[in-house]
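Read the structure below first, then the notes.
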Amino acid sequence: MPELPEVQTVLEGLQNVLKDRILTGVECYYPGTVIESAAISGCPFPARIGEFQRRGKYLLLHLESASSLIIHLRMTGKLVYEPNPEEPHKHERARITLQGGDAVRFIDPRTFGKIILTPSNNLAQYLPDLGPEPLGTDFTPQYLHKALQRRSMPIKNALLDQRIVAGLGNIYVCEILYRSGIRPDLPAGKISLTRLKQIVRHTREVLNESLAAGGTSVSDYRRIDDKSGEFQNFLRVYQKDNCPLGHSISNIRLGGRSSFYCPVCQK
DNA sequence: CAATGATCCTGTCCGC
DNA sequence: TGCGGACAGGATCATT
């Protein structure tokens with residue numbers, strides 16, 4: 001499940017592969033995977049990518065033709081660079097074509113991923129309300145304190161809410177709460193500023209460690225060069241039987257998601 | 001407004 | 001060996 005470190009790793013892979021290349025189009029092989037804004041006037045291709053950006057779990061490719069591609073991988077989306085590809089792969093839902101015949105395949109078995117083509121000045125219409133970047137300077141304990149006050153939902157659900165902080169998913173939230181020593185089901189609004197400091201600190205720590213490892217590969221996620229990330233080797237609670245101290249891990253469902261935590265280390 | 005639950009979708013895994 | 005069912009989960013929409 002691509003979260004911030006995986007999306008960032010994919011972005012850097014795209015940057016390596018697509019820098020200075022001329023995009024000639026986006027083909028769609030599954031209804032609804034590619035969405036083209038009605039506000040697009042004239043064909044935005046051929047065009048180079050002027051800027052590569054990530055916002056939360058969204059990839060933003062700004063074309064020099066004043067249009068942008070918004071890509072969301074959701075759970076099983078993968079981008080794979082392919083020199084001169086032939087017929088679409090079995091789970092290939094879309095394809096970004098390049099001048100010269102090469103392409104980036106969008107492979108997504110569960111079909112939830114999207115590629116949106118929209119004028120660059122109209123991005124906001126296709127991006128939801130997103131909270132601060134967890135590695136940015138405005139993600140602070142004070143911010144979290146304010147965002148969570150009087151909220152009764154479990155802290156785990158709050159950290160998964162992209163409107164509160166943009167880019168975290170199930171794996172990293174489990175790991176962040178373990179390192180912070182906080183149970184995932186604690187009501188978000190009742191957590192002290194001191195403990196929120198732990199959350200902010202460990203959010204940065206976990207994300208930075210994962211970025212350094214090229215992300216986490218637990219199921220489908222691969223880098224654009226189809227290599228695995230390595231952070232799954234450093235997970236302490238997610239899909240584990242025991243925490244690093246040997247206590248047995250509990251798995252409860254919160255917001256319909258499995259939530260791994262150590263009942264001894266997390267209070 | 002806040003919180004919860006259903007929904008989308010298919011590959012994988014488990015038990016019988 | 002094969003089958004049914006549970007499960008995985010990000011974001012959105014509907015309901016309470």
Side-chain angles (χ1 to χ4, degrees), chain A residues 1-11 28-35 54-60 70-80 88-94 105-116 118 123-131 133-134 144 146-177 184-191 207 210 215-222 229 232 235 237-241 249-261:
Chain A
M1 308 109 237
E3 307 177 34
L4 187 152
E6 292 76 41
V7 175
Q8 182 66 33
T9 302
V10 168
L11 180 75
C28 183
Y29 309 125
Y30 183 89
T33 294
V34 176
I35 296 167
R54 180 192 54 73
R55 178 75 177 99
K57 299 175 196 170
Y58 292 82
L59 295 159
L60 307 177
I70 304 174
I71 305 176
H72 200 301
L73 305 172
R74 293 288 189 104
M75 279 95 66
T76 56
K78 255 201 315 185
L79 292 169
V80 181
H89 175 283
K90 182 178 177 200
H91 293 128
E92 188 173 352
R93 309 304 181 188
R105 296 173 131 152
F106 185 67
I107 296 174
D108 183 19
R110 277 179 240 178
T111 72
F112 290 172
K114 296 274 180 269
I115 298 180
I116 296 163
T118 178
L123 278 182
Q125 189 183 325
Y126 290 94
L127 284 177
D129 181 22
L130 294 172
E133 287 289 326
L144 257 191
K146 190 157 188 209
L148 301 183
Q149 66 185 345
R150 289 186 290 277
R151 303 288 290 253
S152 64
M153 65 163 61
I155 183 63
K156 166 120 186 297
N157 300 34
L159 294 174
L160 286 174
D161 188 334
Q162 304 297 298
R163 293 168 297 186
I164 294 175
V165 55
L168 304 181
N170 204 32
I171 298 175
Y172 293 112
V173 170
C174 287
E175 295 296 313
I176 289 162
L177 290 175
D185 55 355
L186 275 195
K190 295 204 167 149
I191 299 177
L207 294 179
S210 183
T216 302
S217 296
V218 284
S219 53
D220 298 277
Y221 166 71
R222 294 291 182 278
Q232 65 277 12
L235 296 175
V237 288
Y238 184 79
Q239 289 183 347
K240 299 289 178 194
D241 293 330
I249 294 295
S250 297
N251 182 2
I252 57 173
R253 287 191 86 73
L254 291 173
R257 316 254 173 278
S258 56
S259 307
F260 298 87
Y261 74 103

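This one's a predicted model, so the numbers in the text were calculated from it and none came from an experiment. The sequence lines fix the lettering, A, B, ..., with proteins before strands; numbering per chain opens at 1.
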For the pair made of OH in A:Tyr126 and C1' in C:dA11, what is the distance, rounded to whole Å?
-> 17 Å

Are A:Leu144 and A:Ile164 side-chain neighbours, meaning at least one heavy-atom pair lies under 4.5 Å?
-> yes

Residues from residues 147-163 of chain A sitting under 4.0 Å of DNA chain B, heavy atoms only?
-> A:Arg151, A:Ser152, A:Met153

When rounded to whole Å, the CG to C1' distance for the pair A:Leu59 and C:dG10 reads 14 Å

Whole-Å gap separating C1' (C:dA11) and CD1 (A:Ile116) | 12 Å

Heavy-atom pair with the smallest gap, counting every atom of A:Leu130 and A:Ala166 | CB-CB, 4.1 Å

Can you run down the salt bridge (charged side-chain N to carboxylate O under 4.0 Å, His left out) pairs that involve residues 163-176 of chain A, sequence neighbours left out, and say none if there aren't any?
-> A:Asp161-A:Arg163

Any side-chain heavy atom of A:Pro2 within less than 4.5 Å of one from A:His72?
-> no

Atom pair distance, as rounded to whole Å: OH in A:Tyr238 and C1' in C:dG9 = 8 Å

Might you list the N or O atoms of the protein lying below 3.5 Å from N or O atoms in nucleotides 14-16 of chain C, with each pair's distance?
none

Using a cut-off of strictly less than 4.0 Å, decide whether A:His72 has a side-chain nitrogen or oxygen near OP1 or OP2 of C:dG10.
-> no

Between A:Phe106 and A:Leu79, is any pair of side-chain heavy atoms under 4.5 Å apart?
-> yes

Contact list (N/O, under 3.5 angstrom) for nucleotides 8-12 of chain B vs protein:
residue : atom : partner : partner atom : Å
B:dG11  : OP1  : A:His91 : NE2          : 2.8

Nearest heavy atoms of A:Gly131 and A:Arg55, plus distance in Å | O-NH2, 2.8 Å

Note: A:Thr33 and A:Gly113 closest approach over all heavy atoms is CG2-O, 4.0 Å

With a 4.5 Å heavy-atom cut-off, do A:Pro88 and A:Tyr30 have their side chains touching?
-> no

Side chains of A:Gln239 and A:Gln232: does their closest heavy-atom pair fall under 4.5 Å?
-> no

Can you name the salt bridge (Lys or Arg N to Asp or Glu O under 4.0 Å) partners of A:Arg105, sequence neighbours left out?
-> A:Glu82, A:Glu92

Least distance between heavy atoms, A:Val165 atom then A:Leu159 atom | CG1-O, 3.7 Å

Round to a whole Å and report the spacing from CD1 of A:Ile70 to P of C:dA11.
-> 13 Å

Could you tell me which non-hydrogen atom of A:Gly77 sits nearest to which non-hydrogen atom of A:Asp108, and how far apart they are?
-> N-OD1, 3.4 Å

Between A:Asp129 (CG) and C:dA11 (P), how many Å, whole number?
-> 13 Å

Which atom names give the shortest non-hydrogen contact between A:Glu3 and A:Leu168, and what distance separates them?
-> OE1-C, 3.8 Å

Separation of A:Lys57 atom NZ from C:dT12 atom P, in whole Å?
-> 11 Å

So which of residues 164-176 of chain A are in contact with DNA chain B, with a heavy-atom cut-off of under 4.0 Å?
-> none

Could you tell me whether the side chain of A:Arg74 reaches within less than 4.5 Å of the side chain of A:Lys57, counting heavy atoms only?
-> no

Starting at CZ of A:Arg257 and ending at C1' of C:dC7, how long is that distance when rounded to a whole Å?
-> 12 Å

